[in-house]
Structure formats: C-alpha cells, structure tokens
Amino acid sequence: MTRTSPHYSAAALLRAALGRGDYWRPLWGKPTLESAYDVVVVGAGGHGLATAYHLARDHGIKRIAVLEKRLVGYGNVGRNTTIVRSNYLLPENHYFYEDSLRRWETLSRDLNFNVMYSPRGVVDLATSDDDMSTLARRGNALRLAGIDAVLLDRAGLARFVPALDLNLPRRFPIVGGLLQPRGGTVRHDAVAWGYARAAAALGVHIIEDCEVTGVRTAAGVATGVETTRGYVAADRMIFAVAGHTGAIGTLLGVSLPVETHLLQAMVTEPIKPLLSTVLIYMYADTDVYICQSDRGGLVMGGTLDGFPSYTREGQWSHLEQVVQSAVALLPQIGALRMLRQWAGTNDMTMDGSPLMDRLRWDNVFLNGGWCYGGVKGIPASGAAFAKFVASGTAPDLIKAYRLSRFATGHMLDERGAGPFPARQ
Ligand SMILES: Cc1cc2nc3c(=O)[nH]c(=O)nc-3n(C[C@H](O)[C@H](O)[C@H](O)COP(=O)(O)OP(=O)(O)OC[C@H]3O[C@@H](n4cnc5c(N)ncnc54)[C@H](O)[C@@H]3O)c2cc1C
C-alpha cells in the first residue's frame, strides 16, 4: 500500500462509506461468465479457491472459473472455529495435515493477505490414566514423524494454561494433556478472501450467484456443467462443495460415503485475555473445544448435532451441552453472555478423512468429505489437488484419500481426531 496520509483521513473514510472515492477496492472483480473454460471449479469455499489458485499459479492453466451458488465464503469456510493443527495419529493424516500446517505458517506472506495464523498451541485434555496413555501414543507417533507434540503432566498443564484450575472438583478431573505448540487458530474468512484475491489476480474468474445443477455428457464423456446461468463447457471439472457433497453425488448419479450433518459453534461477549491456547475437552460426557478470539470472545463448539440434516439451525439441547462442558472446564466464564451462535453443514465421511478422487468420469474430480476439520487442510489440499487435476496423477500426499478405500477396507479411521481424540 503506497497511499499517502490524506487517504486515511476521516473525510476520506466518510467519502468511502458513502460510496465515493476509491478507498475500498474490491478484492476480486465481477467477470462475465464465459461459455467455455479449461477448468471449472464448483464451490468458492477454501478448497475450491485454493485449488483454482494453485492451478493458475503452479500449472499455468489460463482459463479457470470458480462457480459459486451464493457468495465467496458463505459456506463452512466462514463458519468454523478456526482451529488448525496436524496432530493426527495415522501417518496418512498427519503427513497431509503437517504439510498444510507448514503452509499456514507462511500463507499470509504467500498470499500477501493476513490470514492471522496464531500458533497458540492446541491441547487435548486427558481425564484418566487411560486417556494419558492414548495421548502419549499419539504424541510418540507424531514425534517419530518429526511433528511437534508435548505430553503435559498435571504440573506442566497448570503452567501452560494458568486459566485452568486443576484443583477444582470436576466429574471428569483433568490429569494432563497433549500439546501441539504449532497448532492454533487462523482467521477463517480471510482464508477465502486471500485465496480469492490471489486467484483473481492470476486471471481466475470468480462467478458468484451461479449454481451448478448438473454435468452434461456426450458419448460417455463429461463436456461441461449446467448452471443457473446456462451451460458452461469445460475440459475438466472439480466439485469442491463441502456440505453439499452428498447432494452433488445424487445429482451425478453416484452414491458417496458421506452424510450431511450440522455442527454448531458459538461465541461469548468479549472479555480481557483469559485463554492463550486452544483447549479440547471431549470425552463421553464432556463436549467442548474452546479458544479466545483476538476480539476477546470465547469461541466454542462441540460434536455434531447427531442426525443428518441440511439445516443451519442447531438444537438448543446440544448448545447447552457444549456450554455446560465449557463452564465445567472454566467455571470463571459461567456468568458470561453468549453473543452469537451459528452452524454449518458438514460432509461427514464414514472414517472422518477426506475424499480426493475422480468422480464417475475421467475429467470430473471430487474434493470433499472434509467433515468438521477441513479448514486446516485447505493450503495442502489446494496445492496437491491442483497437481492431481493438472497432471492426472494424484500426488502421494493425497493418494490415501481415494474413494476406493471404502471398497477395499483401507479406511483412515480416526474420525478426524477431533471430537473423539482419546478414543483413538
Ligand atoms: C461450526 C463449525 C466449526 C468448524 N470448526 C473447524 C475447525 O476449527 N477447524 C477446521 O479445520 N475445520 C472446521 N470446520 C470444518 C470446515 O469449516 C470445513 O470442513 C471446510 O470449510 C469445508 O471446505 P470448504 O471451505 O471448501 O467449504 P465451503 O466453504 O462450505 O465451500 C463449499 C462451497 O460450495 C458451494 N456450493 C455448494 N453446492 C454448489 C453448487 N451446486 N453450485 C455452486 N456452488 C455450490 C457452497 O455455497 C459453498 O460456498 C468447522 C465447520 C463448522 C460448521
């Protein structure tokens, strides 16, 4: 930014607010939808935009469109609790998410857009010796893979999280935890905006308000997509529609191993700094992960609402369960007021790991099944999936995520190591 100070004056801001002057520049333009592209990406969430960006930047593909039925960032990329980490037990998962975490570390610089990566640590809490053994096993697997993991005993946990009074009587006492120091949080919608701006700067057409309603074929080959704005021909098509993955499967006549579930989150009124890390406290009867946003609100979420649904309403009973767990963890927040609650729809696979594969036709690709953990995977997914689409061969990093694993039994079952960490 090379603007001089007058542009930052109150008068300039007022002019901009009234729509005059050029203070606020759109991050991406409003190109006209063309009748044909080399690649059409369906869905302007994190995965669709990152893939489009890497296709243009790393593989020199020129004519790319991202078609979005609503707005950039309207989906789950703008609805999540922003936690990034790579502390998965299984090698296929921890190497993939570690690749992603490394990319998060430099993403603000790479995109020239502040995604607010904050390595404040992520701590899975243990409530029994059994939990500690399970976390120790996970930590050892991570360290063997060169990924940071620190097993915290009671004293270590007390030092790392002073807000947590371990002496308080709890139904599920806290005995320690597993810390990933480089885990933390990001600014979720900045990720979508950053990739959208960077992709648009490389010539990618981002077309909002354009729903894809089908794939057109000729002689058994996919030739393009039907949209609410007409037919668009494409050499290759990518579906990155997250919570709508099952619906797209139905549209394309493919039965996919996903169910759509609702996940809620909420934030309290802002308070002074209390919690400097992310705490995950999820066992049979506890159900919360919690961190403090830079604005001061305590952001929290829990497990899924428990039945397939496309609504974004959320049940009060589950919200109450999350809040009860949060207050059991940090009784000092019991009097806070809840500011907002929201929800998103997640494409849950049967093993909690994503799907990255071709979909029915050789030139149609699926990037989905991100469950409740897909934001952290965006940078790695964008780079690896673009390579897959450009070269026709899936890179080793994502090979394990092919659909055939459900037929051959090579599942990656740790349910995302999110809501059930100590059971794995
Ligand atoms: C409450 C909540 C908390 C979460 N917390 C975390 C967390 O802490 N950490 C983490 O890593 N992950 C988290 N997640 C999961 C994460 O948000 C998702 O896995 C991830 O955002 C999904 O990928 P995406 O960004 O590409 O999806 P989306 O942003 O949902 O993008 C998909 C896009 O496709 C569009 N679309 C759908 N159908 C069509 C169509 N037919 N035509 C055109 N466009 C279409 C949608 O409108 C949408 O914009 C959370 C999710 C929720 C709901």
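Just follow the structure's listing: the first ligand is 1, and inside any ligand the first atom is 1.
We find that Glu208 and Lys30 are joined by a salt bridge, their nearest charged nitrogen and carboxylate oxygen being less than 4.0 Å apart.
Annotation: atom 31 (O) of ligand 1 to nearest protein heavy atom, Gly45 CA, 3.2 Å. Of the protein's non-hydrogen atoms, Val212 N, 3.0 Å is the one closest to atom 42 (N) of ligand 1. Taking atom 43 (C) of ligand 1 as the reference point, the nearest protein heavy-atom neighbour is Lys69 N, 3.3 Å. Remark: minimum distance from atom 22 (C) of ligand 1 to any protein heavy atom is reached at Ala242 CB, 3.6 Å. Remark: minimum distance from atom 34 (O) of ligand 1 to any protein heavy atom is reached at Gly43 CA, 3.3 Å. Looking only at heavy atoms of the protein, atom 26 (O) of ligand 1 is closest to His47 N, 3.1 Å. Protein heavy atom closest to atom 36 (N) of ligand 1, with residue, atom name and distance, is Val241 CG1, 3.9 Å. In terms of protein heavy-atom proximity, atom 29 (O) of ligand 1 is nearest to Val77 N, 2.8 Å.
For ligand 1, none of its N or O atoms has an N or O atom of Leu263 under 3.5 Å away. Considering backbone and side-chain atoms together, Asn76 places an N or O closer than 3.5 Å to an N or O of ligand 1. Below 3.5 Å of separation, one finds an N or O of Glu68 facing an N or O of ligand 1. At under 3.5 Å, not a single nitrogen or oxygen of Ala343, backbone or side chain, sits near a nitrogen or oxygen of ligand 1. Ligand 1 has no N or O atom lying under 3.5 Å from any N or O atom of Ile248, backbone or side chain. For a threshold of 3.5 Å applied to N or O pairs, the pair formed by Gly46 and ligand 1 contains at least one separation below that value. Residue contacts with ligand 1: Ile378 is placed with no nitrogen or oxygen under 3.5 Å of a nitrogen or oxygen of the ligand (distance criterion only). On a distance-only criterion, Thr81 and ligand 1 share at least one N/O pair closer than 3.5 Å. For ligand 1, none of its N or O atoms has an N or O atom of Ala265 under 3.5 Å away. Residue-to-ligand polar distances keep Asn346 apart from ligand 1: every N/O pair is separated by 3.5 Å or more.
No hydrogens or angles considered: a donor-acceptor pair under 3.5 Å links the side chains of Asn140 and Arg143. Thr227 and Arg229 are not linked by any side-chain donor-acceptor pair at a separation below 3.5 angstrom, with hydrogens and angles left out of the test.
Residues Arg312 and Leu262 approach most closely at CA-CD1, 3.6 Å, considering heavy atoms.
Residue Leu67 has at least one heavy-atom neighbour below 4.0 Å for each of these atoms of ligand 1: 43 (C), 44 (N). Of all atoms in ligand 1, listed by their number and element, those nearer than 4.0 Å to a heavy atom of Gly344 are 53 (C).
Between the Asp347 side chain and the Gly369 main chain, a donor and an acceptor come within less than 3.5 Å of each other. Of the possible polar contacts, none joining the Ser325 side chain to the Thr286 backbone as a donor-acceptor pair under 3.5 Å is found. For the pair Tyr281 (side chain) and Tyr289 (backbone), a donor-acceptor distance under 3.5 Å is absent. Put simply, the side chain of Arg170 gets close to the backbone of Ala328: a donor and an acceptor are under 3.5 Å apart. At distances below 3.5 Å, at least one donor-acceptor pair connects side-chain atoms of Glu269 with backbone N or O atoms of Arg337. No donor-acceptor pair closer than 3.5 Å links the side chain of His94 to the backbone N or O of Ser86.
By the 6.0 Å and 45° rule, Arg79 stacks over the aromatic ring of Tyr74.
Ligand 1 has no atom lying under 4.0 Å from any heavy atom of Gly243. Taking 4.0 Å as the cut-off, Tyr372 counts as a neighbour of ligand 1 on heavy-atom distance. By the 4.0 Å heavy-atom criterion, Ala240 is counted among the residues contacting ligand 1. At least one heavy atom of Cys371 sits under 4.0 Å from some atom of ligand 1. Residue Cys210 places a heavy atom under 4.0 Å from ligand 1.
For the pair Tyr401 and Asn367, the minimum side-chain heavy-atom distance is 4.5 Å or more. Residues Leu263 and Thr81 are not in side-chain contact: their nearest non-hydrogen atoms beyond the backbone lie 4.5 Å or more apart. Taking 4.5 Å as the limit, some side-chain heavy atom of Thr303 sits within range of a side-chain heavy atom of His318.
Residue Gln180 is tested with Val123, Ile147, Asp124, Leu142 for a side chain to side chain contact (heavy atoms under 4.5 Å, CB included); the sole match is Ile147.
Contacts of Val42 with ligand 1, taken as heavy-atom pairs under 4.0 Å, involve the side chain alone. Residue contacts with ligand 1, taken as heavy atom pairs separated by less than 4.0 Å, do not involve Leu251 at all. When heavy-atom distances to ligand 1 are checked against a 4.0 Å cut-off, Ala247 has no atom that comes that close, whether in backbone or side chain.
Counting non-hydrogen atoms of neighbouring residues, nucleotides and ligands closer than 6.0 angstrom, the NE2 atom of His410 reaches no more than 12 such neighbours.
Taking only non-hydrogen atoms, the option from Thr185, Thr228, Asn80 nearest to atom 3 (C) of ligand 1 is Asn80. With distances taken over non-hydrogen atoms, the option nearest atom 11 (O) of ligand 1 out of Lys376, Met348, His244, Arg79 is Lys376.
Atom CG in Leu135 sits 10.5 Å away from atom CG in Leu89 (nearest 0.5 Å).
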